[in-house]
K.L.:
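I am attaching a structure below and will ask some questions about it afterwards.
Count residues from 1 along the sequence.
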Amino acid sequence: MSTQETSADRPAPPARSGGAAALGWILTIGLNVVAPIITYHQLRDHGWSEFGALLLSSAWPVLDSAISLAWRRKLDEFAVVTLVFLVITAVVSLVGAHSARALLIKDSGVTGLFGLLCLATLLAPRPLMFYFGRKFATDGTPRSTAWWNGLWQYEGFRRTMIVMTTVWGVVYLAEAAVRIVLAFVVDTDTMVVVSPVMIYTVLGCLGVWTALYGKRSQAEGERRAAEAAAAQAEASRA
């Protein structure tokens, strides 16, 4: 049975610890984005294979997960997803030929697999965007994490997370399909430029849409809650 957003608004988020949030984001970005990229390129420059460089780069998200377990006594799902993404990339790098076109197709395969991962989590108790949202909306403290987890009881919140995850999954599958087609119809020199532009454009558009959709869903939920509260107050006076 779903909890209806009727008699009261959703609980307001607790005050966030600026220091904890800043430290958490420094660790997250540093260990899940910056360090893997630097490690990968340094290893490739020193003659490592693509597979070996990607696999060793995945040690950084593992370290982030270990720090999260030691510091907060819980696993950081964001780091786990990053690790899975890097491992998928490493596995894909082993498949097939290593021509320029094949590498471009493999890149598309990685984003396509991420889209499938998004859609697969719709069958899980909570979809992928629930965990991504928690990473962005909280500072990782037990109080803010408990607040975010508690929002799952609201039907509107659940619907928002499901819609976001579905859109990300479908868009990334479509983006992968388009890039695979372009890899065959566009010359390689052009595609080397177009491919990363498409990746970051799609990511940017999804980020903007997610923020706008989240705000609109929150406003809609607050409006319905206010209307329900007003109706309940009117009924009690009758």
K.L.:
Taking atom OG1 of Thr121 and atom CD1 of Ile162, what is their separation to the nearest 0.5 Å?
P.N.:
10.0 Å
K.L.:
Give me the atom names and distance for the closest heavy-atom approach of Pro125 to Trp152.
P.N.:
O-CZ2, 3.4 Å
K.L.:
Looking at every heavy atom in both Gly169 and Cys118, which two are closest together, and how far apart are they?
P.N.:
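Shortest heavy-atom contact: CA-CB, 3.7 Å.
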K.L.:
Run through Phe157, Phe132, Tyr154, Tyr131 and flag the one making a ring-ring contact (aromatic ring centres under 6.0 Å, His included) with Trp148.
P.N.:
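The residue from Phe157, Phe132, Tyr154, Tyr131 that satisfies ring-ring contact (aromatic ring centres under 6.0 Å, His included) with Trp148 turns out to be Phe157.
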K.L.:
Taking atom types as modelled, find out whether Arg159 and Ser217 have a side-chain donor-acceptor pair closer than 3.5 angstrom.
P.N.:
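Side-chain D/A pair, Arg159 to Ser217: absent.
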K.L.:
Please find the pair of heavy atoms, one from Leu119 and one from Leu173, that lie closest to each other, and give the distance.
P.N.:
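For Leu119 versus Leu173, the nearest heavy atoms are CD1-CD1, 3.5 Å.
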K.L.:
Of the non-hydrogen atoms in Gly115 and Tyr172, which two are nearest, and what is the gap between them?
P.N.:
CA-CB, 3.9 Å
K.L.:
Using every non-hydrogen atom in the two residues, find where Leu122 and Pro127 come nearest and quote the distance to one decimal.
P.N.:
CD2-CB, 4.1 Å
K.L.:
Identify the two heavy atoms, one from Val202 and one from Val171, that lie closest to each other, and give their separation to 0.1 Å.
P.N.:
CG1-CG1, 3.7 Å
K.L.:
Could you tell me whether the side chain of Asn149 reaches within less than 4.5 Å of the side chain of Arg134, counting heavy atoms only?
P.N.:
yes
K.L.:
Taking Leu128 as the starting point, is it possible to reach Leu123 by hopping between hydrophobic residues whose side chains are less than 4.5 Å apart?
P.N.:
no
K.L.:
So how far is it from Met198 CE to Arg179 CZ, rounded to the nearest 0.5 Å?
P.N.:
6.5 Å
K.L.:
Does Phe130 have Arg126 sitting over its ring (NZ/CZ under 6.0 Å from centre, angle to axis within 45°)?
P.N.:
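Yes, a cation-pi geometry holds between Arg126 and Phe130.
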K.L.:
Going hydrophobic residue to hydrophobic residue with side-chain gaps under 4.5 angstrom, can you get from Val197 over to Leu182?
P.N.:
no
K.L.:
With rounding to the nearest 0.5 Å, note down the distance linking OG1 in Thr160 to CD in Glu220.
P.N.:
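Result: 10.0 Å between the selected atoms.
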K.L.:
What distance separates Thr201 OG1 from Glu175 CD, expressed to the nearest 0.5 Å?
P.N.:
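That separation rounds to 9.5 Å.
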K.L.:
Find the distance between OG1 (Thr39) and CH2 (Trp48) and round it off to the nearest 0.5 Å.
P.N.:
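Reported value, rounded in 0.5 Å steps: 10.5 Å.
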K.L.:
Nearest 0.5 Å please: distance from the OG1 atom of Thr111 over to the CG atom of Leu203.
P.N.:
11.0 Å
K.L.:
Using modelled atom types only, decide if a donor and an acceptor are shared between the side chain of Arg158 and the backbone of Gln153 within a distance under 3.5 Å.
P.N.:
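Yes, Arg158 side chain to Gln153 backbone: donor-acceptor pair under 3.5 Å.
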